[in-house]
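Chain A is the first sequence line, chain B the second, and so forth, proteins listed ahead of strands; every chain is numbered from 1.
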There are 4 protein chains.
Amino acid sequence: MTDAIQNPNDADPKAAPKFRRRKDARPDEILDAALRLFVEQGFAKTRVEDIATRAGVSKGAVYLYFPSKDALIEALVDRALGGMADEIGAAMRAYNGHPRPLLERFAGVVRHHLEQNDVIAVPKLIIHEAPSQPQLARIYGERVINKVMPDVIAMFSRAMDAGHIRRLDPEMLVRSMLGPVFLHIILSDIFGIVPERGLSLDLLFETHLSVFFAGIEPVKEA
Amino acid sequence: MTDAIQNPNDADPKAAPKFRRRKDARPDEILDAALRLFVEQGFAKTRVEDIATRAGVSKGAVYLYFPSKDALIEALVDRALGGMADEIGAAMRAYNGHPRPLLERFAGVVRHHLEQNDVIAVPKLIIHEAPSQPQLARIYGERVINKVMPDVIAMFSRAMDAGHIRRLDPEMLVRSMLGPVFLHIILSDIFGIVPERGLSLDLLFETHLSVFFAGIEPVKEA
Amino acid sequence: MTDAIQNPNDADPKAAPKFRRRKDARPDEILDAALRLFVEQGFAKTRVEDIATRAGVSKGAVYLYFPSKDALIEALVDRALGGMADEIGAAMRAYNGHPRPLLERFAGVVRHHLEQNDVIAVPKLIIHEAPSQPQLARIYGERVINKVMPDVIAMFSRAMDAGHIRRLDPEMLVRSMLGPVFLHIILSDIFGIVPERGLSLDLLFETHLSVFFAGIEPVKEA
Amino acid sequence: MTDAIQNPNDADPKAAPKFRRRKDARPDEILDAALRLFVEQGFAKTRVEDIATRAGVSKGAVYLYFPSKDALIEALVDRALGGMADEIGAAMRAYNGHPRPLLERFAGVVRHHLEQNDVIAVPKLIIHEAPSQPQLARIYGERVINKVMPDVIAMFSRAMDAGHIRRLDPEMLVRSMLGPVFLHIILSDIFGIVPERGLSLDLLFETHLSVFFAGIEPVKEA
DNA sequence: AATGAATGAGCTTTCATTCAT
DNA sequence: AATGAATGAAAGCTCATTCAT
């Protein structure tokens with residue numbers, strides 16, 4: 001899943017004059033090219049020919065693997081629906097202690113992906129294209145968000161029951177947990193608003209986690 | 001602040017409840033129609049003729065007031081840039097006490113607009129169209145976000161100096177403050193993910209503010 | 001006829017706050033404006049609104065006097081069909097001596113119009129618009145050219161009979177007489193090819209008439 | 001010289017009398033269709049779709065080879081700029097005797113093209129479209145007229161120095177030489193004015209050359 | 001399997017013409 | 001008589017999709 005934007009078409013197209021690319025690589029290369037261009041310029045502004053060129057194939061070849069331009073964006077979402085959601089869900093369900101260690105572990109993973117700028121591309125794409133491709137948002141919402149959300153909520157609920165954190169609406173707590181990171185991404189991605197100091201992600205996570213965990217700590221009796 | 005997308009028929013000076021119309025209201029009516037359609041279906045999928053029809057005029061009339069389709073989206077952003085940013089900035093600069101009352105007041109305003117679904121439409125539009133219309137994001141970023149952000153940051157800094165809240169990076173604190181609300185909007189708007197219980201906005205603000213303010217409270221000495 | 005481009009809209013449109021322009025001036029002012037613009041940019045590239053503006057009236061006013069844009073160009077040709085053709089024809093028919101004095105007199109008239117750049121505008125217009133407005137060329141050809149041509153031919157024939165000039169096809173002689181002037185106009189008008197020295201018209205007429213008259217002189221017996 | 005509008009199907013290297021077609025001939029076929037229509041109806045009145053239809057392709061195919069409608073007319077002029085100007089110039093520069101034989105040879109070439117109605121089409125087009133496409137006139141003027149003119153002038157000057165013809169302004173002499181032919185073309189093309197007797201071109205050249213050469217003959221001493 | 005020339009529906013934009021005021 | 005806002009047909013151009021090679 002993480003190779004979503006891994007090997008777009010490593011520079012030299014005719015470097016392997018004999019080793020025909022493993023057949024199955026083609027569709028993925030096309031999707032990689034499409035994802036990049038969709039994120040860069042939006043779905044509507046991206047021409048199928050551009051995708052083909054970027055993927056190092058001909059326009060016609062795209063249609064050998066995908067029946068339409070719309071199918072490309074759907075395939076992109078499909079490809080991104082892989083294990084992650086299940087993994088996260090499983091981890092959440094299996095967890096029982098104070099949320100902090102678990103969430104800090106996930107923070108590390110998210111940070112990694114943000115730096116790689118890979119997996120994040122698909123959600124970004126969906127946000128941009130949601131109005132014109134509502135089915136995407138629906139699919140992604142159903143297959144990713146609705147899959148993970150209940151497990152996170154349940155994890156928070158257990159933590160409240162166990163007294164690890166104070167009692168709050170667990171569904172809204174998810175927004176408090178993810179919102180700041182989400183906003184940070186949007187600000188830097190769309191508006192190019194990046195804090196002046198270099199390691200902004202470090203600072204973001206440090207600050208956010210500090211506030212969040214202090215904010216959900218059980219109230220200390222006087 | 002509320003005039004960002006105010007109904008162009010307000011403040012009608014000289015009755016004439018049925019005729020009138022021409023010339024004055026037109027541009028605003030067209031922008032209203034455009035905004036609605038752009039948000040509903042995206043800029044690319046919206047045809048100029050649709051906008052005209054929705055505004056109750058002919059295709060040609062749109063070009064009487066706006067030189068191109070692109071100009072429509074720019075005019076929309078321009079129209080939304082009114083006083084709001086200045087007002088918020090001024091309020092922030094004038095403020096000196098504990099952030100809570102100030103932010104709760106703003107929470108109320110934001111809630112109101114979320115329920116009206118008016119002013120929020122333009123930022124939503126920008127988020128969707130950012131890749132294909134980068135100049136929009138730039139303008140909005142420069143004229144709104146960069147205008148308000150420093151004042152909010154300064155307000156947080158003063159509050160830290162005064163010991164009202166604990167010392168944290170104020171720039172990141174802005175993300176912690178706004179992020180959860182922002183994510184809530186995106187989740188409900190794009191993915192249609194709405195908490196089952198009715199008054200989700202109440203719950204959102206209650207939970208978020210509770211966590212946020214508890215999270216930034218000065219550390220109590222042992 | 002020579003006022004065709006005389007008074008387009010002498011600068012100040014509201015200089016005569018009381019003396020309403022003689023009603024009948026309007027159509028002529030519109031035609032003047034139209035002729036200028038048609039010659040400058042061609043018929044197709046000229047918008048009715050531009051004509052109206054140049055004439056100092058509103059777009060709608062043009063349609064008060066002319067039923068369509070096509071009608072403008074036809075009216076222009078009509079207006080140019082005035083006396084000149086008849087005058088020239090009459091002069092030709094009345095003439096009986098050696099062609100030289102007569103033609104030199106006409107050369108002076110042509111020179112004058114070339115310098116004024118007025119009457120010449122309509123034939124120029126016809127040349128440019130002939131393919132898209134064939135009826136214009138037809139009318140002009142029938143009402144001007146075919147009217148004058150026979151009289152010139154007859155004049156040449158009489159001159160041959162009288163032994164003033166040598167025997168040549170009189171119809172072709174007309175081309176020899178007018179062609180060089182015509183080409184000079186085209187070269188300077190379309191290609192901007194103007195001889196370096198200043199008084200090119202002087203030189204043109206001097207050279208051309210010298211060659212022409214020497215060329216048609218009766219052959220001297222050895 | 002004759003390749004200016006040469007049939008694009010010449011020189012077909014590998015038979016295939018029915019298939020073939022694609023890719024190679026297309027641009028020329030489109031230009032041929034465009035030229036015919038531009039000359040027939042003018043640039044503005046000709047729709048790209050008409051050109052496509054006439055060329056036997058679809059509207060889109062035109063844009064496969066030419067980026068815009070304007071580019072078509074420019075390509076037409078470009079295509080016509082081939083060797084002709086150079087050839088004529090070279091012939092003029094190389095020539096030293098009495099102008100008559102040289103010019104009579106060229107008269108033959110011109111006659112031929114007039115009968116073929118091929119190369120002449122482009123200058124005609126330029127004359128008609130000059131006001132709306134001034135760059136065409138500029139290009140043609142620079143690359144054809146200004147290229148040939150100096151050589152013709154120089155040739156006349158040499159002939160004067162050698163006493164072959166009498167001393168006249170050589171620049172104006174060019175107009176005397178070409179003007180009658182030019183006017184003949186315009187008269188027949190635009191106004192449909194054709195002398196009644198059949199072989200008008202024969203008569204034209206005979207008369208014109210007779211007058212011209214008699215007109216420039218050195219003055220005989222008494 | 002792969003290509004890329006060709007197609008044509010669909011969109012933006014222009015502007016002659018109309019008509020309420 | 002005069003205006004200029006409004007109309008909508010018409011045309012240029014794009015690009016997803018097809019298909020002969």
Q. Checking side-chain contact (heavy atoms from CB on, under 4.5 Å) for the pair R79(D)/D28(D): CA distance, chi angles, key distance, verdict?
A. CA-CA 9 Å; R79(D) 191 173 68 161; D28(D) 261 323; 2.5 Å; yes
Q.
Nearest heavy atom decides the nucleotide; on that basis, is D70(A) or V57(B) closer to the 5' end of DNA chain F?
A.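 The residue mapped nearer the 5' terminus is V57(B).
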(Q) Nearest heavy atom decides the nucleotide; on that basis, is V48(D) or G60(B) closer to the 5' end of DNA chain F? (A)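 Looking at the nearest nucleotide for each, G60(B) comes out on the 5' side.
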Using whole Å, what does the distance between atom [atom2] of nucleotide [N] and atom [atom1] of [X] come to?
{"X": "L72(D)", "N": "dA11(F)", "atom1": "CG", "atom2": "C1'", "answer": "14 Å"}
{"X": "Y63(B)", "N": "dA10(F)", "atom1": "OH", "atom2": "P", "answer": "18 Å"}
{"X": "L37(D)", "N": "dA11(F)", "atom1": "CG", "atom2": "P", "answer": "13 Å"}
{"X": "K69(C)", "N": "dT17(E)", "atom1": "NZ", "atom2": "C1'", "answer": "12 Å"}
{"X": "F66(B)", "N": "dT12(E)", "atom1": "CZ", "atom2": "P", "answer": "15 Å"}
{"X": "D50(C)", "N": "dT14(E)", "atom1": "CG", "atom2": "C1'", "answer": "12 Å"}
{"X": "E49(D)", "N": "dG10(E)", "atom1": "CD", "atom2": "C1'", "answer": "13 Å"}
{"X": "K45(D)", "N": "dA10(F)", "atom1": "NZ", "atom2": "P", "answer": "13 Å"}

Q: Starting from the 5' end of DNA chain E, give me the residue, R47(B) or L64(D), whose nearest nucleotide shows up first.
A: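 It is L64(D), whose closest nucleotide lies nearer the 5' terminus.
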From the set [options], return the single nucleotide nearest to any side-chain atom of [X].
{"X": "K59(B)", "options": "dG8(F), dA2(F), dA6(F)", "result": "dG8(F)"}
{"X": "A61(D)", "options": "dT13(E), dG8(F), dA6(E)", "result": "dA6(E)"}
{"X": "S68(A)", "options": "dA6(E), dT17(F), dT12(E)", "result": "dT17(F)"}
{"X": "S58(B)", "options": "dA6(E), dA2(F), dT7(F)", "result": "dT7(F)"}

Q. Roughly how far, to the nearest 0.5 Å, is CD of E129(B) from CD of E129(A)?
A.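 E129(A) atom CD to E129(B) atom CD measures 7.5 Å (nearest 0.5 Å).
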Q.
Counting only side-chain nitrogens and oxygens, does Y65(B) get under 4.0 Å of the OP1 or OP2 atom of dA5(F)?
A.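 For dA5(F), neither OP1 nor OP2 has a side-chain N or O of Y65(B) closer than 4.0 Å.
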Q.
Taking 4.0 Å as the cut-off, does a side-chain nitrogen or oxygen of R26(A) come that near to OP1 or OP2 on dA1(E)?
A.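 Answer is no, no contact under 4.0 Å.
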**Q.** Who pairs with dA1(E) - Watson-Crick or G-U, where each distance is under 3.5 Å
**A.**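 Check on dA1(E): unpaired, no WC or wobble geometry under 3.5 Å.
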Q.
Checking base pairs now: Watson-Crick or wobble, both atom distances under 3.5 Å. What partners dC15(E)?
A.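 Across all strands, the one nucleotide that pairs with dC15(E) is dG8(F).
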Q) Pick from E40(D), E29(D), E49(D): which one makes a salt bridge (charged side-chain N to carboxylate O under 4.0 Å, His left out) with R54(D)? A)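 Considering E40(D), E29(D), E49(D), a salt bridge (charged side-chain N to carboxylate O under 4.0 Å, His left out) with R54(D) is found only for E40(D).
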Q | Nearest heavy atoms of I190(C) and A137(D), plus distance in Å | A |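 Reported closest heavy-atom pair: O-CB, 3.5 Å.
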Q: Show the numbers, then the answer: is there a side-chain contact (heavy atoms from CB on, under 4.5 Å) between I127(D) and K124(D)?
A: CA-CA 5 Å; I127(D) 289 169; K124(D) 271 185 200 166; 5.8 Å; no
